[in-house]
Structures are given as C-alpha cells and as structure tokens.
Amino acid sequence: MRFLQKTNNTKIISEPDLKKQAFRAKNINIKWKEFKLDKKLLLKQYANYKFFIRTYGCQANVIDTEEIKKILIKLGFCESEAIEQADLVILNTCAIRENSEKKVLGEIGLLNKQRSKNNNFHLGICGCIPQDELMYKKIFGNKNVDFIFGTHNIDCLPSILYSVYHDKLRIVDIKTKKLNHYKLCERKFSTNHKAFVKIMDGCNNFCTYCIVPFTRGQAISRNKNDILSEIKSLIKKGYSEITLIGQNVNDYGMENKKNHYLFHDLLNDVAKLKIKRIRFLTSNPWNFDLKVINAMKIHKNIMPSLHIPIQSGSNNILKKMNRKIKVEEYLKLIKFIRKQVPNISITTDIIVGFPNETKKEFQKTINLYKKIKFDNAYTFIFSKRNGTVASSITDHTPLKEKENRLKKLNKIVKKYAKQNNKKYLNKVVEVLIDGYSKTNKSKLTGYSEQSKVVNFDGTGKTGETVKVKILTANSFSLEGKQIN
C-alpha cells in the first residue's frame, strides 16, 4: 500500500511488518531494473547542503552506504568529513545486537543539539533497525528524525528527500520486501584499491537467534553477468582486491531450482578475471560446497582465508539455534579444508549464553575451540532479537555468568590467535597496503593473504602489494619491515 496515512505533516507510505518480511516465495524470478534518477526530484537548494552518513554493522551496510552516497552526490549534496559540519545526517543502522541499537538511539539524542544550532539540519534513519517493528516505533516516536527508510528501498531516497525538503513532510517508507531488486550503476567507494561486491542479499536460514532474515528479507541473488561486469569495471579503475559479499554466499543462486549456476561457478569465473586478490564472506558450514575449496586450490588469486561461523560447540545448542550441522561434521569439514589448503587461516563466530546454555555445553565450545585452534573469532553474548524464536525462550542463566564465560572464551581466542601468528615470525608475507596505521602514523598497514593485519616500516603506497618480513607477532596483528 503506497499511502497509509498523513497526519501533522507526517506521511507514512509503508511500515515494517515482521510476518510479511518472514514470507519466502518459491522459485522466484527477480525483475532487474537499472536505477535512474528522476530529474524532476532535483532541488537547487541541495547544492547548499553537506551530508554525512554513519554506518553500523556488516559489509552489506557498507555497500548500501556507498550507494546512498552516490545518490546524494547526484542530487547535488556535498559530502562532509565531519558529522558536526553536516546539514543532512543519515544513520545506516544494524539490528543484529542490542548494543548496536543503543548506539543509534544515543546518536539520535546527541544530534538534537546539532538541530538546535542549524535550522537546515535534517536526520534520516535507514538500514536494518527500521525493519524491526519495536525499534521502528522507538525511532518514529523521536521527532528529531525527519525520514525513515529500510533495506529494501534505497532507490526511493530521491523521492523521500523531495518530500522532506520541498513539501516539508516527515516521511516513513519502509518496504517489507524488494519488489524489484534495483541495480545502482555507481557507488561512491570507500577506497580506491579494495571493494566489496554484493553477490546476493537476504537470508533464508532463520537461525533462531538472528533477525537478519527479517530485516534483509528473502535471499536474492544478483545476475552473474551484472556481478562480473561490476568487477571488470573495478579492475579497469585499478582495484587490487574485491570481496564477494552475501549473508551466506553458499546460497548463491539457490532461490531458483532451475538455476544451475551456483557460488563455486561464480567464484571460478571471477578468478579468471585479472584481479589480484579475491575474498568472500560469509560461508555457513552446513552447505559449504567442497567445489569452492577446489577453486581456491586452482586459482592463486583466491586468498587462503575463510570465515566459517560455528556459534557453539554443543550439538544440543546448535539444534536449538537451528544451525543445520553437528560438531562432528564441522570438524570433518575443517580437517578437509586444511588438508587441501595447508596455508589457510580460518576464523569463526561464537555466541556465549544462548538461553539456558549449561556449563557443560559451554565447556564443549571451549573444547572445540582448543581442538580447532582458530586464527581468530568474533565472540558475543546472546542478544535477544524481537521476532526471533529464541526471543520467546525463558532464560534462567544470569548475565554475570554469561559475562564470565565470555571472558574465559576470549582468553583462549587471544591465546590461539597469537600462537597462529607466531607461525609467520621471520617469514616473508605479501601485504596489500591500506595506508598508514591509525595508531602509529610512522608505520604502513595492510593485510596479508591470510587476512592478518600487518604494520610495518616501508615506503610503499596505498594499493601496492609489497613483501614484508615479519619480526613481531602480536595476538591480533603482525609487525615487520618491507624488503622490496
């Protein structure tokens, strides 16, 4: 429904609906449309305003921000380097954990002061938080927010802003699904040497703790020719590294059973292009295609680095999480991968304190970690998410106990991170330079093929690949000296 209500200068076009967002159609065929800016929506006053976008959360949000920036620039806005100097601020939000939501609500409060100093100030909220009904109500209740849109309708931004600036309306337009999966021709990339390339959006897995299938919607794969065309364009512009992005890249192409072109096919085709480095995120373990490992063996420009979330070392907890794999199967997969690609680095995600996780179940997670000895892990305390199955479970485990478990796990994560990094001592690694270190401006920084942060003394330039001899191994970084 395109127009629900209009009261007190507020126009509500569409609002979130978790039930509708949870619906999954079968064998869908997406109508691809090229995004085109309607010149009727251009306003001369935009040239007088600066914008700033604050991005929270995952790489998908980073890509969305780059698309939003390009739209704003096409409209005539100029980008501000500081949020304090901006006339238009957009918060591109993440709903995966409660802490992310608290940060956004706090930022909205702080930006009230900016409005009091700037009569032209406008604030917009987008991303995953508006797709959550409860959070949407909190944001909508704050009159400092001028417009709200979600993950499914970035292409509506020009018309939203026209209503805000020209018609002086407060706008809400949050689609519950992608009616058309728009392809934006251009993005304002964050760097000139590395880029994320979205190969799909959404997720169909419905892990019981995760809100992403609701906020991002149904899994939708981009056309292979569109993806390859974008990467070719990046290569021409001098990009050295691309990362293929999806909530679960293993699901690429699977929403339509008639499609026989899957992720390993795409990966092979991308690897045949003249791009120095290829990475991909994220890979769920239960449908990990072993043909992907074969592609990594054949093509040396696919980096030896994998992120494969396990979440728990207890089969009972994995079942409650709706994670479709057993620990034994995961161990078998990791063993196979390491045998095929011996120099690979493997990282994971782990949730501590899933509702009613026992001490024995947590200990199984510790035991699994010690057995695999991951290169690193992103660890979190379970965060209740509105609309998910796990949010309705009565939890009897005290928060203090969960915090203690997280501390214990993080000590082990740090131990094995350093142990793995010591393998590189006195060895030479190839580093793609990102620039100067934020903590030490006298040192250059970048990532090795195995996704290790490397800080080093050298003379290379951003975007160059150089050889660095590792002299020091820390828990979460390496230090060395450029030798070429």
Is there a side-chain contact between [X] and [Y] in this structure, where contact means two heavy atoms from C-beta onward sitting under 4.5 Å apart?
X	Y	result
F456	K443	no
V466	L444	no
D289	N250	no
E329	F288	no
T151	D201	no
V453	Y447	yes
L72	L157	yes
I310	I350	yes

Any donor-acceptor pair under 3.5 Å from [X] side chain to [Y] backbone:
X	Y	result
N268	D265	no
N153	D173	yes
T65	N61	yes
K324	N205	yes
Q450	N343	yes
N376	T347	no
Y252	R222	yes
Q59	I245	no
T93	C126	yes
Q247	G202	yes

Shortest non-hydrogen contact between [X] and [Y], atoms and distance:
X	Y	answer
M200	S221	CB-CA, 3.9 Å
A22	F206	O-CZ, 3.6 Å
R24	C203	NH2-O, 2.7 Å
Y330	I308	OH-O, 2.7 Å
L75	Y46	O-CD1, 3.4 Å
P158	I71	CG-CG2, 3.8 Å

Taking the six-membered ring for Trp and the single ring otherwise, decide whether the centroids of [X] and [Y] are under 6.0 Å apart.
X	Y	value
F196	F189	no
H307	Y378	yes
F374	Y369	yes

Below 30° counts as parallel, above 60° as perpendicular, anything between as tilted: where do the rings of F280 and F263 land?
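If you compare the ring of F280 with that of F263, the planes turn out perpendicular.
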First locate atom [atom1] of [X], then atom [atom2] of [Y], and finally report the distance between them rounded to the nearest 0.5 Å.
X	Y	atom1	atom2	value
T388	M321	OG1	CE	11.5 Å
I302	I275	CD1	CD1	12.0 Å
F51	S80	CZ	OG	9.0 Å
L471	N426	CG	CG	7.0 Å
H193	I242	NE2	CD1	13.5 Å
L306	R279	CG	CZ	10.5 Å

Would you say the side-chain atoms of [X] and [Y] include a donor-acceptor pair closer than 3.5 Å?
X	Y	result
S437	N440	no
N294	K291	no
N118	D87	yes
D17	T176	no
Y165	Q45	no
E479	N474	yes
N421	K452	yes

Take atom [atom1] in [X]; do more than 12 heavy atoms of anything else shown fall under 6.0 Å from it?
X	atom1	answer
F476	CZ	yes
K177	NZ	no
L244	CG	yes

| message | Apply side chain to side chain contact (heavy atoms under 4.5 Å, CB included) to residues R170 and V145 and explain how you reach the verdict. | response | CA-CA 8 Å; R170 189 174 187 235; V145 178; 4.1 Å; yes
Please walk me through it: do Y49 and L43 pass side chain to side chain contact (heavy atoms under 4.5 Å, CB included)? CA-CA 11 Å; Y49 303 139; L43 294 174; over 6 Å; no
**OP:** I would like to know whether Y239 and V197 meet side chain to side chain contact (heavy atoms under 4.5 Å, CB included); could you show each step before the answer?
**Re:** CA-CA 12 Å; Y239 280 77; V197 175; over 6 Å; no
Does the distance from a Lys or Arg side-chain N to an Asp or Glu carboxylate O, for [X] and [Y], drop under 4.0 Å?
X	Y	result
D457	K481	no
E430	K276	no
D375	K423	no
R385	E101	yes

query = Does the side chain to side chain contact (heavy atoms under 4.5 Å, CB included) test come out yes or no for N248 and N204, once each step is laid out?
reply = CA-CA 9 Å; N248 177 21; N204 293 339; over 6 Å; no
Member of K70, K69, K198 meeting the salt bridge (Lys or Arg N to Asp or Glu O under 4.0 Å) criterion with D64
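By the salt bridge (Lys or Arg N to Asp or Glu O under 4.0 Å) criterion, D64 pairs with just one of K70, K69, K198: K198.
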**Study point:** Passing candidate, side chain to side chain donor-acceptor pair (under 3.5 Å) with N144, options R115, Q114, H122
**Key:**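 Among R115, Q114, H122, the one meeting side chain to side chain donor-acceptor pair (under 3.5 Å) with N144 is R115.
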I'd like to know whether T215 forms a side-chain hydrogen bond (donor to acceptor under 3.5 Å, both in side chains) with Q21, so could you lay out the CA-CA distance, the side-chain angles of the two residues, the decisive distance to 0.1 Å, and finally the verdict.
CA-CA 7 Å; T215 61; Q21 290 163 208; over 6 Å; no
(message) Quick one, R187 with E230, criterion salt bridge (charged side-chain N to carboxylate O under 4.0 Å, His left out). Give me CA distance, side-chain angles, the key distance, then yes/no.
(response) CA-CA 11 Å; R187 287 152 51 192; E230 180 177 352; 2.6 Å; yes
